[in-house]
Amino acid sequence: MTTKDVIEKIGLRSLSKFEHRDVDGVFVSDMLSDVMAGAKSGNLWVTVQTHKSIVPAANLVDVSAVIITSGKNVPQETIDLANQHNIAILSTDLPSFELVGKLYGLGLVSS
Amino acid sequence: MSECRHRWEMANIQFGFVVFEKCSHCNNLRTYFSLEDTWDEYREGDCQWSIVENAQTFRFDLKCRDCNRLETFEDLMGLLYCTSCQPECEVEVLRKKFEAEKTWILVAFGFLPRAKTNPIPQHKLDILTDYFNQRRDTSRSKVKIVSFNLIGDLLSRCRGEFIHDVGMLSQEPEERKPLL
Ligand SMILES: [Zn+2]
Ligand SMILES: [Zn+2]
């Protein structure tokens, strides 16, 4: 499964410019330190955090995309930084719990 | 043993806080790791220390899963990403140079002020670089971790940002204040 498949199947919005890539598992956390310690390459990272620091954290652990839940407004500087690093920032109005249920339904499991 | 190519994984992970303290008298900065967040103020001679930030972070060591070699990183205060704030900064020069190779520069900080005279040794930074590259698909991009000493005298004007959880527990985090 690729980021393109996930976006189409769940109806996510793409906020940044990026190349699609394979998705491998899901990591749910609102803490950068958790992500740095535990996320794996190719994971989808589900969070409500929107500060631009999510971009270097996502880049460092090589997640396939960051999905911002609950329709939270993402600052332009976060999107600009993501564009610069080819990091996928996706967004949904669903709360994290419901999104994770749908991802699970697609056959994606935790990292 | 020296033949081992080392496959690193995190060990001894400890979640806590990095505390940034500033003195209103001499404007010096001190940082340390604490298991709890604290907002103490105290006097030390002429110095009046107060805490400017408590950022959630974690400590870890790296262990080779093949040969069990352990490298400790208790001196690592955090990783900072360059915001291209000063064109003459050596980190910015490196950042531009490596951008073409899809290699992304991160700056490792030790705890201040000790790190200014006792920086994290280069071989440890190389291990950290290896570790984060082993964790990623390096055909797409790589990371390279360099020492904060490269910033040199420009440090006091650096507007780079740490990958730390600053104010992340509040619903709408306010603008971060510069920590350096
Ligand atoms: Zn080894
Ligand atoms: Zn002082």
Side-chain angles (χ1 to χ4, degrees), chain A residues 2-3 18-25 27 29-43 45 47-66 68-78 80-88 95-96 111, chain B residues 9-18 55-62 76 78-84 95 99 102-108 128-129 131-145 160-176 179:
Chain A
T2 65
T3 44
F18 58 92
E19 289 153 37
H20 289 292
R21 58 181 284 191
D22 286 338
V23 168
D24 185 10
F27 193 85
S29 177
D30 297 326
M31 300 291 297
L32 304 180
S33 35
D34 263 355
V35 170
M36 283 167 71
K40 297 201 177 80
S41 178
N43 280 175
W45 172 19
T47 183
V48 294
Q49 294 298 347
T50 59
H51 188 274
K52 65 175 186 283
S53 289
I54 61 174
V55 174
N59 200 358
L60 180 61
V61 296
D62 198 30
V63 297
S64 52
V66 186
I68 316 273
T69 56
S70 300
K72 286 202 64 169
N73 186 43
V74 181
Q76 189 58 43
E77 57 176 9
T78 301
D80 291 344
L81 193 60
N83 286 340
Q84 210 178 312
H85 291 288
N86 190 27
I87 299 291
S96 295
S111 63
Chain B
E9 58 190 6
M10 282 190 183
N12 308 323
I13 294 176
Q14 204 176 25
F15 286 87
F17 297 83
V18 52
Q56 277 171 284
T57 184
F58 70 114
R59 270 205 298 213
F60 60 90
D61 295 326
L62 292 178
L76 179 67
L79 297 175
L80 175 129
Y81 65 97
C82 173
T83 53
S84 307
R95 191 193 67 75
E99 199 172 33
K102 290 199 172 174
T103 297
W104 181 55
I105 302 283
L106 278 173
V107 186
L128 211 51
T129 295
Y131 166 70
F132 282 111
N133 282 325
Q134 285 169 6
R135 253 176 92 170
R136 69 193 293 117
D137 172 3
T138 49
S139 67
R140 298 171 51 88
S141 62
K142 290 182 189 153
V143 295
K144 181 175 173 63
I145 296 176
E161 289 212 47
F162 286 101
I163 314 180
H164 281 156
D165 290 298
V166 177
M168 287 268 185
L169 295 181
S170 61
Q171 268 300 309
E172 295 297 331
E174 65 273 37
E175 187 55 28
R176 291 183 181 198
L179 294 175

(message) I'd like to check A:V61 versus B:R135 (side-chain heavy atoms, cut-off strictly below 4.5 Å). Are they in contact?
(response) yes
(message) Quick check on A:V63 against chain B: is it the side chain, the backbone, both or neither that has a heavy atom closer than 4.5 Å?
(response) neither
(message) Quick check for you: among A:G42, A:P75, A:S41, A:A37, which has the greatest number of heavy-atom pairs under 4.5 Å with chain B?
(response) A:A37
(message) Let me confirm one number: the CG-CG distance from B:D165 to A:D34, rounded to the nearest 0.5 Å.
(response) 8.0 Å
(request) Find the distance between CG (B:D137) and CZ (A:R21) and round it off to the nearest 0.5 Å. (result) 6.0 Å
(message) As an exercise: rank B:R136, B:M10, B:E99, B:K102 by heavy-atom pairs under 4.5 Å with chain A and give me the winner.
(response) B:R136
(request) State, yes or no, whether a side-chain contact exists between B:W104 and A:L60 at a heavy-atom distance under 4.5 Å. (result) yes
(message) Can you tell me how far apart CD (A:E77) and OG1 (B:T83) are? Round to the nearest 0.5 Å.
(response) 10.5 Å
(message) So B:Y81 and A:N59, do their side chains get closer than 4.5 Å, heavy atoms only?
(response) no
(message) Restricting to ring pair (Phe, Tyr, Trp, His ring centres under 6.0 Å), what partner residues turn up for B:F58, sequence neighbours left out?
(response) B:F15, B:F60
(request) Search all heavy atoms of B:I163 against all heavy atoms of A:P56 and return the closest pair with its distance. (result) CD1-CB, 3.8 Å
(request) Could you pull out the closest heavy-atom pair between B:R140 and A:E19, with the gap in Å? (result) NH2-O, 4.5 Å
